[in-house]
Student: 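Mind looking over this structure? Questions follow.
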2 protein chains.
Amino acid sequence: MKNIIKPVKGTRDFYPEEMSIRTWLYDKVRHASEVYGYQEYEAPLLETIDLYAAKSGEELVKEQSFVFPDRGGELITLRPELTPSLTRMVAQRQHQLVFPLRWWSFGPFWRYERPQKGRAREFFQWNIDLIGVANPEADAELVAIITTFFRLVGLSPDQVTILVNDRRLIDGELKNIGITDDKRPDVFRLIDRRSKMQPSVWEAYAIDMGLNIQQFQDLISILDNTDLWKKSPELEIFFEALEALNASPFVRFDANIVRGLDYYTGIVFEAQDLIGEVRRAILGGGRYDNLLADVGGKPLPGVGFAMGDVVISLILEKTGLLPKETGKTPAPLLITVFDQEHLIHSLALAADLRQKGLKVATYPQPDRLSKQFKYADRMGYNIVVILGPDEINAGKVTIKYLQTGEQTEIDLDNSANLIQEMLELNTPS
Amino acid sequence: MKNIIKPVKGTRDFYPEEMSIRTWLYDKVRHASEVYGYQEYEAPLLETIDLYAAKSGEELVKEQSFVFPDRGGELITLRPELTPSLTRMVAQRQHQLVFPLRWWSFGPFWRYERPQKGRAREFFQWNIDLIGVANPEADAELVAIITTFFRLVGLSPDQVTILVNDRRLIDGELKNIGITDDKRPDVFRLIDRRSKMQPSVWEAYAIDMGLNIQQFQDLISILDNTDLWKKSPELEIFFEALEALNASPFVRFDANIVRGLDYYTGIVFEAQDLIGEVRRAILGGGRYDNLLADVGGKPLPGVGFAMGDVVISLILEKTGLLPKETGKTPAPLLITVFDQEHLIHSLALAADLRQKGLKVATYPQPDRLSKQFKYADRMGYNIVVILGPDEINAGKVTIKYLQTGEQTEIDLDNSANLIQEMLELNTPS
């Protein structure tokens with residue numbers, strides 16, 4: 001076994017157990033998105049590097065992206081995020097699309113990061129965006145969608161929280177303490193790193209960047225002011241809308257949240273866990289009002305967020321909220337095989353039951369019946385059907401319900417109906 | 001608009017219209033797979049080149065794969081097919097997994113091919129495999145799954161057909177006409193190309209390869225013999241099982257089918273369209289009994305097939321079988337906005353209806369009511385809800401059913417129930 005070829009570092013194998021969890025998560029994401037009227041879409045998984053070069057931020061493109069020349073020499077990127085593709089797609093059909101757009105997506109992304117808890121180099125991400133609306137109520141809708149998702153998977157406000165800020169508000173405050181426009185991106189990066197650094201290291205970083213002591217102290221006062229949002233008319237409307245949308249219990253203001261991507265222009269937000277499972281944000285998003293113009297479209301405002309599957313899965317696992325029964329067969333029924341001669345009868349019965357709408361597997365070859373039963377049990381089949389020479393001659397089948405051991409002989413001709421009834425009786429609703 | 005960044009050649013944008021078709025196809029694939037008891041799984045999208053080097057065949061790996069060095073210098077491949085990943089995953093957990101395995105998957109793949117009708121460089125593929133069973137009944141099950149899928153999407157035996165052969169049978173026949181083992185892979189490639197070449201060019205290719213005239217004529221006789229399958233005990237059992245599985249109308253023997261991948265060892269099959277839409281196979285598959293040992297596992301027999309989304313979609317489009325209503329909102333209900341002052345009431349009503357289980361969008365900002373109605377119509381909403389100052393004061397909402405124009409005022413408190421009833425009444429079942 002030692003020479004089995006290894007998977008690529010940071011990728012994951014989804015065996016049926018893991019796949020059923022991914023599908024469960026995808027279904028929750030779909031439900032939370034559709035309940036607000038969002039349509040599913042998907043962009044290519046490969047894009048040219050030019051698409052990201054302008055706006056995603058240097059770290060993401062230069063340090064974290066898989067980039068390679070294709071056979072034609074063009075530089076191709078395994079997409080590290082979706083927003084640039086979204087804006088490209090919108091710009092391409094700007095005259096045909098019906099605005100406002102409400103779009104969501106769930107697909108694979110890649111980032112070349114050091115593999116660690118909460119990170120994978122190949123991961124799945126929920127993206128959801130509202131394009132064509134500039135008001136704070138639109139921002140509130142996106143945050144409300146998060147709370148709907150949290151409630152759907154069973155998370156409560158004492159397990160997860162959503163922190164909100166507005167870059168325009170912080171912009172103004174920075175201007176007030178004499179930080180010039182050209183230094184703003186650096187100071188945003190500084191703010192973004194605060195929670196990830198020791199206070200003394202962070203202070204040194206700030207001074208190194210050119211802030212004087214007074215500015216540094218003023219900055220701390222700004223970031224620690226939990227009432228700062230009252231200075232922002234947008235955030236006032238945002239929180240009012242959030243209240244109407246029944247989303248307030250999960251949300252609070254935090255001036256430290258600025259998000260890493262360069263293209264945000266207004267309200268930004270991220271979700272964090274409160275149970276201390278991971279230090280990374282569960283999801284992040286915000287308003288980007290210039291991005292469409294930047295990729296060559298007509299200017300259009302947008303707001304959206306992205307949630308990776310890795311961090312949320314860790315939290316759901318820790319809180320015991322992941323589905324319990326995973327990796328079971330999707331068919332409730334296994335037809336056993338008596339011997340080679342009668343295998344064909346098992347196949348024919350299976351075909352008949354399938355045509356009547358049942359999901360049915362056959363044991364695929366003759367084997368000891370005890371082994372077939374053990375297989376049925378391990379795979380999670382509910383009912384086993386036995387079809388031997390006696391049954392065939394009498395026009396009957398024997399049905400065994402595995403959980404109770406209950407066994408009964410029924411007419412072959414009417415078996416589909418009877419089995420259907422039996423399954424309904426025995427399925428917990 | 002001219003400076004919009006272009007997508008990568010051979011990739012596709014899935015706008016909501018196209019995405020709803022992909023989701024529809026995925027659902028059909030899921031249904032056909034689950035009805036036979038297959039479990040969904042997924043492999044990584046990136047694998048090391050070593051995984052393919054051994055067995056996928058030179059053309060696929062050297063000419064058609066996207067391969068690039070990652071930042072650690074390792075050669076990474078965007079997966080061109082799934083079977084090698086499947087066998088790697090099975091080999092890794094060979095001692096924990098419960099056999100026989102029935103697994104299916106639907107995900108993205110890449111091949112660097114010349115973009116043309118029926119081809120894309122980034123495409124989606126259905127893969128389905130039965131591992132741990134060596135008998136021809138297992139092969140028949142896989143082919144029966146194809147016929148179930150065809151019937152599900154509405155295709156009939158005069159539109160599509162499945163051609164079956166057995167490499168062991170052809171092996172024996174080639175030996176009989178004096179073709180040595182070392183030349184067999186070349187002759188398989190020759191057979192595989194027959195339908196893609198002019199007869200004279202194909203003959204020249206055969207002679208050039210070292211076949212003498214007698215061998216060439218004998219080869220033609222073998223390939224044109226529609227009764228050849230009667231020499232194969234495996235194919236006899238296969239066709240008998242197919243009959244029991246109610247799959248025969250779609251299937252016939254064809255000695256010309258050998259499939260391109262090097263790892264097939266027994267029965268092979270492919271589906272073709274009969275309506276002349278595309279010259280490429282719709283899907284292909286077969287038995288591979290050595291592959292698991294080749295990747296470092298214990299020997300285990302397997303059989304499976306793969307179907308790309310591009311060719312089948314072309315055929316379904318040509319035959320008018322693709323879903324007609326695509327790109328509609330998933331929510332049946334749009335709540336309009338009277339003015340900025342009352343926007344908050346629309347948000348609160350939406351939140352209330354959502355909590356009661358309805359899928360609801362709000363028009364996101366104040367606008368002319370006629371524009372909001374036009375938007376509702378274009379997006380495919382069924383019901384528009386109007387909530388102005390009069391309604392709010394009276395504790396009412398006005399409901400308009402768009403298709404009929406029918407309009408009625410109902411109690412706000414009971415609106416969720418009444419709307420639910422209205423939707424059920426007006427939904428064609």
Side-chain angles (χ1 to χ4, degrees), chain A residues 1 3-5 7-8 11-16 19 23 34-37 39-48 50-51 68 71 76 88-89 91-92 98 100 108 112 122 133 135 137-138 240-241 244-246 295-297 329-331 343-344 347-348 351 354 359 361 364-365 375 378-379, chain B residues 1 3-5 7-8 11-16 19 23 34-37 39-48 50-51 68 71 76 88-89 91-92 98 100 108 112 122 133 135 137-138 240-241 244-246 295-297 329-331 343-344 347-348 351 354 359 361 364-365 375 378-379:
Chain A
M1 296 275 291
N3 57 344
I4 295 174
I5 291 163
V8 174
T11 65
R12 288 169 292 167
D13 294 331
F14 290 87
Y15 288 87
M19 192 63 201
T23 302
E34 290 192 347
V35 119
Y36 288 78
Q39 301 177 283
E40 190 178 10
Y41 76 107
E42 179 60 297
L45 310 186
L46 308 181
E47 294 275 9
T48 61
D50 303 340
L51 186 64
F68 63 95
R71 283 160 198 254
I76 306 288
R88 178 182 62 68
M89 285 175 63
Q92 275 173 186
V98 183
Y112 196 85
E122 177 175 278
V133 191
N135 64 17
E137 288 91 342
E240 202 192 344
L245 286 165
N246 189 26
V295 301
T329 166
L343 171 50
I344 201 92
L347 298 183
R354 284 181 195 124
K359 292 181 178 174
Q365 57 199 359
Y375 173 78
R378 289 189 65 183
M379 292 300 297
Chain B
M1 293 274 292
N3 58 341
I4 294 174
I5 291 163
V8 174
T11 64
R12 288 169 291 166
D13 294 330
F14 291 86
Y15 288 87
M19 192 63 200
T23 302
E34 291 193 344
V35 118
Y36 288 78
Q39 301 177 282
E40 190 178 10
Y41 76 107
E42 180 59 297
L45 311 186
L46 307 181
E47 294 275 9
T48 62
D50 304 341
L51 186 65
F68 63 96
R71 283 160 197 254
I76 307 287
R88 176 181 63 68
M89 285 174 64
Q92 274 173 189
V98 183
Y112 196 84
E122 177 174 279
V133 190
N135 64 18
E137 288 90 343
E240 203 191 343
L245 287 166
N246 189 27
V295 301
T329 166
L343 170 51
I344 201 91
L347 299 183
R354 285 182 194 123
K359 293 181 178 173
Q365 58 199 358
Y375 173 78
R378 290 189 66 182
M379 292 299 297

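The chains referred to below are lettered A, B, ... by the order of the sequence lines, with proteins before strands, and numbering in each begins at 1.
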Student: Below 4.5 Å from any heavy atom of chain A, which atoms of B:Ala241 appear? Answer side chain, backbone, both or neither.
Tutor: both

Student: Count the heavy-atom pairs under 4.5 Å between each of B:Ala361, B:Pro7, B:Pro108 and chain A, then report the option with the highest count.
Tutor: B:Pro7

Student: Give a yes-or-no answer on whether the side chains of B:Tyr15 and A:Gln92 include a donor-acceptor pair shorter than 3.5 Å.
Tutor: yes

Student: What part of B:Met379 gets within 4.5 angstrom of chain A, counting heavy atoms only: side chain, backbone, both, or neither?
Tutor: side chain

Student: Only pairs of heavy atoms separated by less than 4.5 Å count here; which of A:Leu45, A:Thr11, A:Asn246 has the most with chain B?
Tutor: A:Leu45

Student: Please determine if B:Arg12 and A:Glu42 form a salt bridge, counting it only when a charged side-chain N lies under 4.0 Å from a carboxylate O.
Tutor: no

Student: Using a cut-off of under 4.5 Å on heavy-atom pairs, state which of B:Gly37, B:Pro44, B:Ala348 scores highest against chain A.
Tutor: B:Pro44

Student: Using heavy-atom distances under 4.5 Å, tell me whether B:Glu47 contacts chain A through its side chain, its backbone, both, or neither.
Tutor: both

Student: Using a cut-off of under 4.5 Å on heavy-atom pairs, state which of B:Val133, B:Thr23, B:Leu46, B:Leu343 scores highest against chain A.
Tutor: B:Leu46

Student: Determine the option with the most heavy-atom pairs under 4.5 angstrom with chain B, choosing from A:Glu40, A:Arg378, A:Gln365.
Tutor: A:Glu40

Student: What option among B:Ala43, B:Ala351, B:Ala244, B:Ala138 has the most heavy-atom pairs under 4.5 Å with chain A?
Tutor: B:Ala244

Student: Go through the atoms of B:Asn135 and report whether side chain, backbone, both or neither lie under 4.5 Å from a heavy atom of chain A.
Tutor: side chain

Student: So which heavy atom on A:Pro330 is nearest to which on A:Lys359, and how close?
Tutor: O-CD, 3.6 Å

Student: Side chain, backbone, both or neither: which part of A:Ile76 has a heavy atom under 4.5 Å from chain B?
Tutor: side chain

